[in-house]
Amino acid sequence: MSADASRIPPADTELRADARHNRSRIVDVAKELFAEHGLEVPMTTIARQADVGIATLYRRFPTKEALVAEVFAEQFAACVSSAHEALNDPDPWHGFCTLIENVCAMQAVDRGFSAAVITSFPTVFDIKGERDRVMRGFVDLMARAKASGRLRADFSTDDLALLLMANGGIIADSPETALAASRRLVAYLLDAFRADRSAPATPLPPSPPLELHPVLDPEPEPGNDA
């Protein structure tokens, strides 16, 4: 090969293939790190593990929210689908239980998704709007389950937040063990949520106001990430 030929820049198709590879690598590494450590993993750590520069990462994903949305888009879509199926269930108590079981199962095996479930995003893929519609649907489902006489009257959306926080706190040495622990915890709690388990003479302590979707901590600007 001549010296002049060695200086010929790579073809556009090669550049596009390289860009696709970098993007795919970033998403794969982020998914692994989020699953193991949660969303607090710094962007610099993701870039280093993916073997790309931090500037390359930020070109592909300008914010951590954008990266989180990409990593969990498929799981979030499954979560939304499960919610819609529950809302259309003619038995509101069965729909209520199924929705909680499905969301908690997905949450238990992935620390990143566990955090993403209760995180507020900007309008990437309209996740916030979709989540808010699901929450309004859940409130309606909860009301119908109470009206059916199956769900205890003092259950509130704060109790849903409490359930997700408790389920998200499961620590296990494998996803299989975490899933088994989650299923047992959820079974205990769903049994406690039944209307025939409430005793008017011994009311529960008042429900604390819990934030269901706290905002992600802001990421440092590119070059200042720690």
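Heavy atoms only: backbone and side chains are in, while hydrogens, waters and symmetry mates are out.
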All N/O donor-acceptor pairs, side-chain side in residues 87-105, below 3.5 Å, sequence neighbours left out:
from, atom 1, to, atom 2, distance (Å)
Asn88, ND2, His84, O, 3.1
Asp89, OD1, Asp91, N, 2.8
Asp89, OD2, His94, ND1, 2.6
Asp91, OD1, Trp93, N, 3.1
Asp91, OD1, His94, N, 3.3
Thr98, OG1, His94, O, 2.8
Asn102, ND2, Ser82, OG, 2.9
Asn102, ND2, Thr98, O, 3.4

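Nearest heavy-atom pair, Val41 versus Leu33, reported as atom, atom and distance to 0.1 Å: CG2-O, 3.7 Å. Annotation for Lys64 and Glu40: closest pair NZ-C, 3.8 Å, computed over non-hydrogen atoms. Heavy-atom minimum distance, Leu151 versus Phe193: CD1-O, 3.5 Å. Here the closest heavy-atom approach between residue Ala30 and residue Val71 is recorded as CB-CG2, 3.9 Å. Across Ile26 and Arg60, no two heavy atoms sit closer than the pair CD1-CG, 4.1 Å.
Going from atom OG1 of Thr157 over to atom CZ of Phe155 covers 8.0 Å, rounded to the nearest 0.5 Å. Here Gln49 contributes atom CD and Thr44 contributes atom OG1; the two are 10.5 Å apart, rounded to the nearest 0.5 Å. For the atom pair CZ (Arg184) and CG (Leu189), the distance works out to 12.0 Å, reported to the nearest 0.5 Å. Note that CD1 of Ile170 is 11.0 Å distant from OG1 of Thr177, once rounded to the nearest 0.5 Å. Rounding to the nearest 0.5 Å places CG of Asp158 at 12.5 Å from CG of Leu163.
Judged by distance alone, with hydrogens and angles left aside, the side-chain atoms of Gln107 form a donor-acceptor pair with the main-chain N or O of Leu164 at under 3.5 Å. Side-chain atoms of Asp159 come within 3.5 Å of backbone N or O of Ser156 as a donor-acceptor pair.
In this structure, Arg25 has no side-chain hydrogen bond (donor to acceptor under 3.5 Å, both in side chains) partners at least two apart in sequence or on a different chain. Here Lys146 pairs with nothing under the side-chain hydrogen bond (donor to acceptor under 3.5 Å, both in side chains) rule; sequence neighbours left out. Under the rule for a salt bridge (Lys or Arg N to Asp or Glu O under 4.0 Å), Arg150 has no partner lying at least two apart in sequence or in another chain. Judged as a side-chain contact (heavy atoms from CB on, under 4.5 Å), and not counting sequence neighbours, the contacts of Ser24 are Asp28. Evaluation of the side-chain hydrogen bond (donor to acceptor under 3.5 Å, both in side chains) rule for Asp154 yields Arg152 as partners, not counting sequence neighbours. Checked against salt bridge (Lys or Arg N to Asp or Glu O under 4.0 Å), Asp173 has no partners two or more places apart in sequence or in another chain. With sequence neighbours excluded, no residue forms a side-chain contact (heavy atoms from CB on, under 4.5 Å) with His21. For Glu32, there are no side-chain contact (heavy atoms from CB on, under 4.5 Å) partners, not counting sequence neighbours. Listed by chain and residue number, nothing satisfies the side-chain hydrogen bond (donor to acceptor under 3.5 Å, both in side chains) test with Arg183 (two or more places apart in sequence, or in another chain). Contacts of Asp140 classified as salt bridge (Lys or Arg N to Asp or Glu O under 4.0 Å), with partners at least two apart in sequence or in another chain: Arg144.
Through side-chain heavy atoms spaced under 4.5 Å, either directly or across other Ile, Leu, Val, Met, Phe, Trp or Tyr residues, Val109 is tied to Leu179.
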* Can you list the steps and then say if Leu67 with Met43 is a side chain to side chain contact (heavy atoms under 4.5 Å, CB included)? -> CA-CA 10 Å; Leu67 178 57; Met43 294 285 267; 3.9 Å; yes
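Side-chain contact between Phe72 and Leu39 is present, with heavy atoms from C-beta onward closer than 4.5 Å.
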